[in-house]
Amino acid sequence: MRILLPDDTELELPEGASALDAARAIGPRLAEQAVLARVDGEPRDLRLPLPDGARLQLLTTRDREDPDALAVLRHSSAHLLAEAVRRLHPGVKVAIGPPIDSGFYYDFEFPEPIHESDLEAIEAEIRREIAEGRRWERQEITADEARSRFAHEGETYKVELVDTAEGEISLYTQGDFTDLCRGPHLQDATPIQAITLTGLAGAYWRGDERNTQLTRIYGTAFFTQEDLDAHLARLEDARARDHRRLGPQLDLVHLSDASPGSPFWHPKGMVLWNTLEDLRRVENGRRGYLEVKTPLIYDRTVWETSGHWEKFRENMYLVAGEGEEPHAGLKPMNCPGHMLLFGSQLRSYRDLPLRYAESSTLHRNELAGTLHGLLRVRHVTQDDAHIFCTRQQIEDEIFGCLDYVAFLYDLFGMSARFELSTRPDDKLGTDEEWDFTEGALRSALERRGLDYFEGVGEGAFYGPKIDLHMTDVLGRAWQMGTIQLDAQMPARFGLTYMGADNAEHVPYVIHRALLGSLERFLGILIEHYAGAFPLWLAPVQLTVLPVGEGHREAARALAERVRAAGYRVEVDERDETLGRRIRDTELAKVPYAVVWGDRESDESLAVRVRGEGQATMSLDDLLSRLRDETPAVLAS
RNA sequence: GCCGACGUAGCUCAGCUGGUAGAGCACAUCACUCGUAAUGAUGGGGUCCCCGGUUCGAGUCCGGGCGUCGGCUCCA
């Protein structure tokens, strides 16, 4: 048979030859360094036979940044971890141990709980294994053989995995550890030049909290120590721009035990907040939204109508008098308020689409363990809106939301991942209905030219949705904006409009929050800019620094001239050295600093530009520069 | 909510096998009035997260609670 190599040359091999055979045919060094085959673009174990005519690429220890090469390295590392744990903790049961983006983990059920301090010994044992040498052997067996083998060993999780496995069953053995595993794996452990265990966590078997909680050990591995060091250095850098550190450091916001999950916004943080609010309000006006304000507390009957009383009561803050049953609840979302508002008058098809916007405080009693800085809070503020429309208007309205969302994220230079979530198992409504609604969302996405991936079965029970996701500095994904189509809530609230046919119809409603929660958006924004906000967002846009005591008055006058042009200006006339005040301005990440002394005049200013160093320019030049950096939507 | 770790001055942290708590930064006062990333001196500042227990004695040991951090689950 023939296979095709990356340089388009052909290699003639005997029938049934593996990628490793191919490597040997090319050169012994390649065979030795090979870690993984890529066959027609797909990663494949080196030991597996190649199909005739396959396009083969061999990944070696030199492909140390290739995601597939790293994945196989880490997958084999996870097996070494399991081997070490079984030796050190007899009676442990092994579950699963895959590679992940940042490393690998393995889940175990320990007979006795283990602690973080136990990791050191496990890591030492792994190093010992590597020093001693480990080779992986692959073996294919039937499901029955696998089942009886793992049942005999008492590995109940493996038995369960065999029962649900599809296709052929394979085993990989290294040292005295044999694991049920699809592969691929390294030939031997020598490519694992840097490995470390990074943490311990609880994790439910198969991700279901009704199952037993296993102990998950996390680790990471690289082809070189240098790569591991770089990885750890990147993590350290990321922590420096973590919004939980920068928020208090830049005097923007803090959190307190006095009200967990509820940020205290400082004056400088409020500048950011209000800028987002201005942006939202101005742009809503342009795009045909109508601002409304609805109550924070509603009678429980409203929550019973909406279904929240039944479904989300545990996460709601309920209101009760002394010794009473709760009779009301704080709103965890705005929908019911907007439904009631729509229903308060007779509506005509001529009124539609009707777009109600409200940026309101919401309270959600999130589980204690889920709170996370500004990214997961109990006090939530959504840039919310509800669009009431007819069936025919859905696609255009979704398109409008997507256009709006693209406009907003572009403004911040951020790119979100779009996910289309389709019908879940417990959906309401017919398949025909879902075909239509999903189709409307899909064609709006395509018409706007947006790339998206599909979350099959991830939709809400009342309709499909489009979510935006972004990652924080540590690579964790967070849901930002959401656009949800709802064909159920209006009916629950008995909402109708009079159609052109003089008959009542139930409107559709689109729930949409584009930034998502302002708290979360600001958290991501702080990390996105590492606190160095563009001029138009910066809490202080310009600091004037008088050189000496005698320059203070002139500095104040200059500040006043810039302030009059509409900018946020401060004069730092503290009794500190100039060097010190420049340093503080720099650390506060103020975009512009102007030093004012004997040599300066409106015609010739000493301007320090953040990230660029010093420049000399006139006041007029400076002001026009400031103007250029303000987006049109916010230029008043 | 679950698993693991942590909680000491406004912040970052030290405090050994239990013996009356410390540094740097920040803050205040004084001197200096300064030309592009830290002037110097002096001083004030603590419910060692909370409650209970062991002990002659607890920041330190034990139990419970709260909060934070890393995960899991959840997220209208």
Side-chain angles (χ1 to χ4, degrees), chain A residues 100 105 107-108 110 113-119 198-218 239 242 244-245 248-249 251 254-261 303 306-316 331-336 362 364-373 375-378 380 382 460-462 465 467 474 476 478-479 482 484 486 489 511 513 516-517 520 545-552 573-588 593-600 606-609 613-615:
Chain A
I100 53 176
Y105 67 79
D107 285 346
F108 303 94
F110 285 91
I114 68 158
H115 306 276
E116 236 159 70
S117 51
D118 296 316
L119 294 184
T198 52
L200 198 59
Y204 301 104
W205 168 238
R206 303 217 139 161
D208 190 329
E209 67 176 329
R210 288 165 303 189
N211 292 337
T212 41
Q213 189 163 42
L214 306 172
T215 302
R216 176 170 297 178
I217 299 177
Y218 283 93
R239 274 190 272 274
D242 190 315
R244 289 168 299 180
R245 188 196 285 216
Q249 212 169 70
D251 195 19
H254 83 273
L255 289 155
S256 156
D257 295 0
S259 183
W303 302 115
S306 70
H308 290 94
W309 194 265
E310 188 197 357
K311 214 164 174 237
F312 291 105
R313 187 179 166 176
E314 296 200 338
N315 293 312
M316 282 178 64
K331 66 177 171 187
M333 24 97 79
N334 293 305
C335 324
L362 310 174
R364 298 179 176 187
N365 194 1
E366 304 286 5
L367 292 178
T370 63
L371 297 180
H372 187 102
L375 301 184
R376 187 77 177 267
V377 288
R378 291 190 172 135
V380 196
Q382 283 186 339
F461 65 92
Y462 50 72
K465 58 176 182 165
D467 289 331
L474 293 173
R476 294 175 286 220
W478 298 90
Q479 186 194 304
T482 183
Q484 309 187 358
D486 181 352
M489 187 97 74
H511 309 251
S517 104
R520 179 175 291 179
L545 300 159
V547 172
E549 228 171 275
H551 305 112
R552 288 180 184 171
E573 47 183 83
R574 282 178 304 156
D575 197 10
E576 296 285 351
T577 60
L578 181 63
R580 174 50 181 272
R581 285 175 291 148
I582 284 169
R583 177 181 153 81
D584 287 347
T585 306
E586 207 62 52
L587 290 176
V594 176
V595 174
W596 184 279
D598 290 336
R599 307 204 285 261
E600 279 69 34
V607 182
R608 212 185 145 92
V609 187
Q614 285 182 68

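Residue numbers begin at 1 in each chain, while the letters A, B, ... track the order of the sequences. A quick note: this is a predicted structure, and the numbers were derived from the prediction, not measured. Any value given below was found using the heavy atoms of this structure, including those in side chains, with hydrogens, waters and symmetry copies removed.
The two atoms that bring His511(A) and Asp486(A) nearest to each other are NE2-OD2, 2.8 Å, heavy atoms only.
Between the C1' atom of rC75(B) and the CZ atom of Arg378(A) lies a distance of 13 Å, rounded to the nearest Å. Atom CG in Asp107(A) sits about 14 Å away from atom C1' in rG4(B), given to the nearest Å. The nearest whole Å value for the distance from the CG atom in Leu367(A) to the C1' atom in rU68(B) is 16 Å. To the nearest angstrom, C1' of rA76(B) lies 11 Å from CD of Gln479(A). Distance CG (Leu371(A)) to P (rG70(B)): 12 Å, rounded to an integer number of Å. In this structure, Arg216(A) places its CZ atom 11 Å from P of rG71(B), rounding to the nearest Å.
rU39(B) sits 23 Å from rG44(B) when the P atoms are compared, rounded to a whole Å.
Ring geometry, His308(A) versus Trp303(A): the interplanar angle exceeds 60°, so the pair is classed perpendicular (tilted spans 30 to 60°).
Side chain of Arg216(A) to backbone of Ala201(A): no donor-acceptor contact under 3.5 angstrom is found.
On a pure distance criterion of 3.5 Å, a polar donor-acceptor pair joins the side chain of Glu549(A) and the base of rU33(B). Taking only distance into account, the side chain of Arg376(A) meets the base of rC74(B) through a donor-acceptor pair shorter than 3.5 Å. Counting distance only, with no hydrogens placed and no angle test, the side-chain atoms of Tyr204(A) and the base atoms of rG71(B) include no donor-acceptor pair under 3.5 Å.
With sequence neighbours left out, the side-chain contact (heavy atoms from CB on, under 4.5 Å) criterion links Val377(A) to Pro263(A), Val380(A), Glu519(A).
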Under 4.0 Å protein heavy-atom contacts per nucleotide of nucleotides 36-42 of chain B, with B for base, S for backbone only and - for none: BBBB---
Criterion side-chain contact (heavy atoms from CB on, under 4.5 Å) on Asp598(A) and Val547(A), from CA distance to verdict: CA-CA 8 Å; Asp598(A) 290 336; Val547(A) 172; over 6 Å; no
Worked check of salt bridge (Lys or Arg N to Asp or Glu O under 4.0 Å) between Arg206(A) and Asp208(A): CA-CA 6 Å; Arg206(A) 303 217 139 161; Asp208(A) 190 329; over 6 Å; no
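Between His115(A) and rA5(B), a side-chain N or O to OP1/OP2 separation shorter than 4.0 Å is present. Side-chain nitrogen and oxygen atoms of His551(A) include none within less than 4.0 Å of the OP1 or OP2 phosphate oxygen of rU33(B).
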